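None of these values were measured; they are calculated from a predicted model. Whatever order the structure lists them in is the order used to number ligands and atoms, beginning at 1.
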Amino acid sequence: MSMLITGSIALDTVKTQLEEHADLLGGSASYGAIAGSFFTDVHLVGIVGEDFPQRYLDLYRKHRVNLDGLQVVPGKTFRWHGEYEWDMNERRTLSVALNVFEHFEPQLPASYRRLPYVFLANIAPQLQLHVLAQMERAKFIVADTMDLWIETAREPLLELLRQVDCLVLNESEARQFTKETSLIKAGRKILQWGPRYAVVKKGEHGCLLFGADFFFSAPAYPLEDIHDPTGAGDCFAGALTGYLASRDRVDHDTLRKAVIYGSAVASFNVEAFSLGRLQTLTRQDIEHRYQLFKLMSHFEIG
Ligand code: AMP
């Protein structure tokens, strides 16, 4: 089965304490789309300006991402500039320029409307709702969000929660959103707001998956060299949705595996800036790391 993805498409400038790179391919939808493409056909809904480099369009095409839903309009592509501290969980946004996003009205091509699996990557919840309104018969909808929308667009976000199957967010966002210090209470509260499942990501400490009568805790892969954490969460959710689409089922067993595939792809992504590492990644590499996750979490051998 195929998946639809919408979210931001950006030209990023990313600074760590050791390196800085400009005009990188970024945006939640870019990371999610390429991550999902290891598992299924991805159909992208988004917007870029005329300055968007051809080489990035070629990169999507190399991963067989369908671009019929991509608008290329006069103006400049969305830009984000961020800086990481030595502790890479700490990130500061130095500047954001919405540019073409200011007047974005997502339009789904007819061929996209019945796609069964959907990942609404991080973007204003009003736009996520606008995309959902054009979908017919989606089987499973995953949504991501960020602190900015929790602060400035709480009502549309709560409306979105009533319409999606799974919300993915990081631990600080989960606490901020629910006003709970305990992540367990936060996860439960999110479920009360609508979705059947919630995933709380804890960066280098793994993630928690909550369902009504279901709980799963996944470790993170113990990486020594993290070059650029940007987009890890988007890769996680893109790969998770892509894996569910490839299996065309959403039972607890498949969800647990999807969380591990998501964690594996995210762990590769942080090994290089932008989507650099995913360019050379193979499905075999992903399977190998999936097996290492399995070994790492088994505690009763024999
Ligand atoms: P993450 O590391 O998962 O938070 O995602 C990073 C990506 O989010 C970057 O590539 C940015 O271009 C993109 N981004 C930053 N700010 C926003 C925003 N306000 N809306 C949508 N995407 C954003």
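- If you check which protein heavy atom lies closest to atom 13 (C) of ligand 1, you get Ser8 OG, 3.9 Å.
- Evaluated for a side chain to side chain contact (heavy atoms under 4.5 Å, CB included) with Ser37, the options Leu278, Leu44, Val42 yield exactly one hit, Val42.
- Considering backbone and side-chain N/O of Phe78, none are found under 3.5 Å from N/O of ligand 1.
- Shortest contact from atom 6 (C) of ligand 1 to any protein heavy atom: Thr230 CG2, 3.6 Å.
- Nearest protein heavy-atom contact of atom 15 (C) of ligand 1 is Trp80 CD1, 3.4 Å.
- By the 4.0 Å heavy-atom criterion, Asp12 is counted among the residues contacting ligand 1.
- The shortest N/O to N/O separation between Asp234 and ligand 1 falls below 3.5 Å.
- Distances shorter than 4.0 angstrom do not occur between any heavy atom of Arg79 and any atom of ligand 1.
- Note on Arg114 versus Glu136: salt bridge recorded, some NZ/NE/NH1/NH2 to OD/OE distance being below 4.0 Å.
- By the 30° and 60° cut-offs, the orientation of the rings of Phe177 relative to Trp193 is tilted.
- The contact set between ligand 1 and Gly27, taken as ligand atoms under 4.0 Å from a residue heavy atom, comprises 9 (C), 10 (O), 12 (O).
- If you number the atoms of ligand 1 from 1 as listed, the ones under 4.0 Å from a heavy atom of Tyr31 come out as 10 (O).
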Show your reasoning for whether salt bridge (Lys or Arg N to Asp or Glu O under 4.0 Å) applies to Glu271 and Arg289. CA-CA 14 Å; Glu271 291 178 3; Arg289 195 160 281 186; 3.0 Å; yes

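- Listed by chain and residue number, nothing satisfies the ring-ring contact (aromatic ring centres under 6.0 Å, His included) test with Phe140 (two or more places apart in sequence, or in another chain).
- Between Ile123 and ligand 1, no N or O atom pair is found at a separation short of 3.5 Å.
- Ligand-side atoms of ligand 1 in range of Ala10: 12 (O), range being under 4.0 angstrom from any heavy atom.
- No donor-acceptor pair closer than 3.5 Å links the side chain of Ser274 to the backbone N or O of Leu24.
- Of the protein's non-hydrogen atoms, Arg91 NH2, 2.9 Å is the one closest to atom 4 (O) of ligand 1.
- Gln126 is not listed as a side-chain neighbour of Leu129, based on a closest heavy-atom distance of 4.5 Å or more.
- Glu287 and Gln291 are not linked by any side-chain donor-acceptor pair at a separation below 3.5 angstrom, with hydrogens and angles left out of the test.
- A search for ring-ring contact (aromatic ring centres under 6.0 Å, His included) contacts involving Phe39 returns Tyr261, not counting sequence neighbours.
- Distances below 4.0 Å separate heavy atoms of Gly26 from the following atoms of ligand 1: 10 (O).
- Residue contacts with ligand 1 for Val96 are absent, since no atom lies close enough (heavy atoms, distance under 4.0 Å).
- The shortest contact between atom 8 (O) of ligand 1 and any protein heavy atom is with Ser28 N, 4.2 Å.
- Of the charged side-chain nitrogens involved, none lies within less than 4.0 Å of a carboxylate oxygen, so that Asp51 and Lys76 do not count as a salt-bridged pair.
- Residues Arg92 and Glu83 are paired through a salt bridge, judged by an N-O separation under 4.0 Å between the basic side chain and the carboxylate.
- Protein heavy atom nearest atom 18 (C) of ligand 1, with residue, atom name and distance: Met146 SD, 3.6 Å.
- Of all atoms in ligand 1, numbered sequentially from 1 with element shown, those under 4.0 Å from a heavy atom of Leu148 are 19 (N).
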